[in-house]
Amino acid sequence: MEIRSWDFEVRVLVTGGAGYIGSHAVKALIEKGHEPVIVDNLVYGHKFVVDKVLKTPFINCSIGDKDIISKIVNGTHKKLQNTVHENKVIEGVLHFAAFTYVGESVQKPIKYYQNNVIETINFLDVLCPSKNSTSNNKIPLVFSSTCAIYGNPKGIPIKEISSPNPINPYGRSKLIVENILSDLNKAYNFEFLIFRYFNAAGASPDTSLGELHEPETHLIPLAIMAAFDEIDNLKIFGTDYDTKDGTCIRDYIHVADLAEAHVMGLEKLLEGKFRKDNEEYINQRIFNLGNGKGVSVREIINSVEKITGRSINYVEDARRIGDPPILIADYKKAKEYLGWEPKIKDIDIIVKHACNWYLKLKEQKL
Ligand code: UDP
């Protein structure tokens, strides 16, 4: 692979690009002049995000459908006719598509291993054909992983060298793929980066994109829904943790910062920074992406009350099974190797962006 300096745009396949984090990454790619194409099966993604906001080539399919993925990768899919992708090979991949509900993964592990692992193996087989190990046939990939692979970490803040010990099928499904990527690199020099996210939160500052999960299980959107009486009571899962106010502490990272990290990481991969001959970078493919600050459940409730000017009815409930008391990222490695660090660190601003998005959704009935 030749090393090119970063002054050109690339064609990027974004799996899960109609979902929460994926859609922000597509926006960030477009803003940097790149040419994304979205693959999403719309199980959890939203078509209106593609049609009304991103306006990007989109193919509704499973990432494990090798025939369709091959056509997309080669630019021969009929939906890519008359686009910049027609008959051109994809140059990079951001792989977001996955099921991400921890609780559901405990109830339905096969669903998670089937989707997050088996579909990904089929997908990787197209990107990295085992029959042909010439470098031209391998398309570099940034993989969405999660801090859930750490389980109950021993040290806080968590560094990437902390031993992985996931405590649910969701985390295990992500760790399996991390290991597969590492094996592909050893076998074929497959180029990849792994991003372990902490709690993605907030919405696009221009309110064009945001979080819309069905069902919603995440704290910030639920607290906003409670503030606007869309749900009766917010439940605080556990008030007897050994933390400053007894509630769980998480590291909330703005989704636009996460999106930017993906573009920066992919550009560095394509520059050849992580290639075998670059000793400084070669074993540095895994990065925590977080804010580096811990915020408790009660602090989130206070922030939502402050930003909305409304009070939240909440009940103190039992601990949620599988919730570690404290998760905070050490993101120094991403700063050192990717030149990335979060820009929107203030939880009130993160909450404010989430509120603005919520109100826009309600107003427009999207
Ligand atoms: N949480 C809560 N009530 C809710 C949803 C979440 O108290 O209705 C807590 C949860 O126990 C965790 C934190 O809020 O400590 C963040 O949870 P979320 O589901 O948003 O993200 P997770 O950390 O599970 O990925």
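Just so you know, ligand 1 is whichever comes first in the structure, and atom 1 is the first atom listed for that ligand.
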- Task: Considering non-hydrogen atoms only, spot the tightest contact between H34 and P36 and give its length.
- Result: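 Minimum heavy-atom contact is O-CD, 3.3 Å.
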- Message: Does the structure place the NZ or CZ of R285 under 6.0 Å from the centre of the six-membered ring of F274, at an angle of no more than 45° from the ring's axis?
- Response: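 Geometry flag: not set, cation outside 6.0 Å or 45°.
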- Message: For the residue pair K111 and F99, would you count it as a cation-pi contact if the rule is NZ or CZ under 6.0 angstrom from the ring centre and within 45 degrees of the ring axis?
- Response: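 Flagged: K111 positioned over aromatic ring of F99.
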- Query: Between V106 and I321, is any pair of side-chain heavy atoms under 4.5 Å apart?
  - Reply: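 They are not in contact (no side-chain heavy atoms under 4.5 Å apart), so the answer is no.
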- Between W340 and Y331, how do the two ring planes meet: parallel, tilted or perpendicular, split at 30° and 60°?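 Geometry flag for Y331 against W340: perpendicular rings.
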- Does N122 have any side chain to side chain contact (heavy atoms under 4.5 Å, CB included) partners at least two apart in sequence or in another chain, and if so, which?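 Listed in chain order: K66, I118.
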- Message: Residue by residue, ordered by chain and number, which ones reach under 4.0 Å of ligand 1 with a heavy atom?
- Response: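 The 4.0 Å shell around ligand 1 contains N199, T217, H218, L219, L222, L234, K235, I236, F237, C248, R250, Y252, V297, R320, D323.
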